[in-house]
**Student:** 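What follows is a structure written as structure tokens; I'll ask about it next.
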Amino acid sequence: MPQVFIKTYGCQMNERDSEQVAAMFLSAGYELADSPERADVVLINTCSVREKAELKALGKMGILCAQQAARPWVVFGFMGCMSQSKGKELFREVPRLDIVTGTRQYHNVFSLCHRLLLQRLAAASAEPRRRGAHICEVGEEAGFQNQIRDHLPTRGGCTAFVSIMQGCEMRCSYCIVPHTRGRECSRPAADILHEARELVANGVKEITLLGQIVNRYGKDEPIINGRGAFVRLLEQLHEIDGLLRIRFTSPHPIGFRQDLVQAYTYLPKLCSHIHFPMQSGSDRILQLMRRPYKNEKYLSLCEAMREARPDLAITTDIIVGFPGETDEDYLQTKAAVERIQFDNAFIFQYSPRRDTPAALMDDQICLRVKEERNHDLLETVNRIATARNQALVGTDQLILVEGPSKTNAQRMQGRSSQNKPIIIMKGAAAAGQLLPVRITECTGFTLYGEVQ
Ligand code: 5AD
Ligand code: SF4
């Protein structure tokens, strides 16, 4: 039985894409290798969003190719965002690489790899291979969004990702994604609902809808009874019996309409958590970032959602050290963090990306200042996050049990509606169950509870 090994960097979209690729290999009789040394096909799904992520993937591929020198048939491939933006250039950086496939070619990865593996096994050379086959597929096929289909439930089988749209046309000045993921493109609602029903029939209880700007799903469709296509999709998913929870990631203030705020009042399956990237709390920086709205819009959307759903947990992404960011701009970001009281925030130091306008801006911020702001903001974020977690001690939360705890296999772990991981200290629990749990203890980011 041939084996495939897939390593994934980057966002949930990438995880979802890797699952689709894995499902295609499995249905053709391959096994998933737990270590790359045993694999016949080695794939890395790449992220381009920051330089570090690219360097990690390149370094990893270099090591894997060197380790496998004695197995000349092994097929090595890069998939995803870095493949899309660097294309053939990657063969220069890793000469032993065989295949490079872009973000609109995931459905072709299996056949490209399998064909090459069969050819190599037939040729049966024992010579080490210094150069790969150098096959590059980064184009776009018509109707590719309808190819986003077969799927493996993840994380213990009761939760799954469902891709509903791809691409981004916002052109934020720092971001490489419009180059790597292309134009916006939504899947037909009927396909999404069909996939969701199939997943639920296979034991999935919680679905996370994925898209670069998930709330711009079906943006060209009409508004009906005040509801846009995204909220209509949420309503339809809500009707699926056996589906207990719905999440989505990530939304954007542009196209975030009141109907989505209101959805938190009448769709109980919609979880009490939103990951809503803020990027900066300064209007001047938002403008330089080419984000066409004022920060007050972002803040008031957060507050309106909290009004609609008082226990809503809000997490965010923030970039520090964007070109031209002054102490004053940075302090506005910090003030916004204090005002919203985020449950958590991912803080990124600005990383210049090729072919993006911000990389060419004057007034790039030096590493020391980026690090100082990162460190300072992290302290604020952690203090607020810890306080919000502490406040949950003594409350009852419904948790979806996902499986054994990662740190202690004797214990089970689940997630609250607010997306907080909760370790079960007492009481019986099986994966896939939705159980009431009393929170008894909190150590920073980890919550502990007892089944009620
Ligand atoms: N530098 C630093 N962070 C970035 N992000 C996107 N592009 C960059 C960049 N060039 C961050 C944004 C985004 C998250 C996925 O990555 O905050 O929301
Ligand atoms: Fe990375 Fe962004 Fe692509 Fe996701 S969409 S894989 S974060 S570059």
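Remember, it's a predicted structure, so these values are computed and weren't measured experimentally. When a ligand or atom number is given, it counts from 1 through the structure's own listing order.
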**Student:** Kindly state whether the ring of Phe248 and the ring of Tyr217 have centres lying under 6.0 angstrom apart.
**Tutor:** no

**Student:** Say whether Asp317, considering both its backbone and side-chain N or O atoms, lies within less than 3.5 Å of an N or O atom on ligand 1.
**Tutor:** yes

**Student:** Should the heavy atoms of other residues, nucleotides or ligands under 6.0 Å from NZ of Lys56 be counted, would the total exceed 12?
**Tutor:** no

**Student:** Is Ser351 in polar range of ligand 1, meaning some N or O pair under 3.5 Å apart?
**Tutor:** yes

**Student:** Below 4.0 angstrom from a heavy atom of Arg353, which ligand 1 atoms are there? Numbered from 1 as shown, please.
**Tutor:** 10 (N)

**Student:** Should the proximity of Tyr174 to ligand 1, defined as any heavy atom under 4.0 Å, be assigned to the side chain, the backbone, both, or neither?
**Tutor:** both

**Student:** Mind checking whether Phe346 and His275 have ring centres under 6.0 Å apart?
**Tutor:** yes

**Student:** Checking Ser351 against Glu51: is there a side-chain donor and acceptor pair closer than 3.5 Å?
**Tutor:** no

**Student:** Please work out whether any backbone atom (N, CA, C, O) or any side-chain heavy atom from C-beta onward of Ile319 is under 4.0 Å from ligand 1, and answer side chain, backbone, both or neither.
**Tutor:** side chain

**Student:** Assign the ring pair Phe256 / Phe276 to parallel, tilted or perpendicular, where the plane angle (0 to 90°) is split at 30° and 60°.
**Tutor:** tilted

**Student:** Any Lys/Arg nitrogen of Glu206 or Lys269 sitting under 4.0 Å from an Asp/Glu carboxylate oxygen of the other?
**Tutor:** no

**Student:** Could you list the atoms of ligand 1 found under 4.0 angstrom from a heavy atom of Gln279?
**Tutor:** 12 (C), 13 (C), 17 (O), 18 (O)

**Student:** Examine the proximity of ligand 1 to Arg50 and report which part, side chain or backbone, both or neither, has a heavy atom under 4.0 Å away.
**Tutor:** side chain

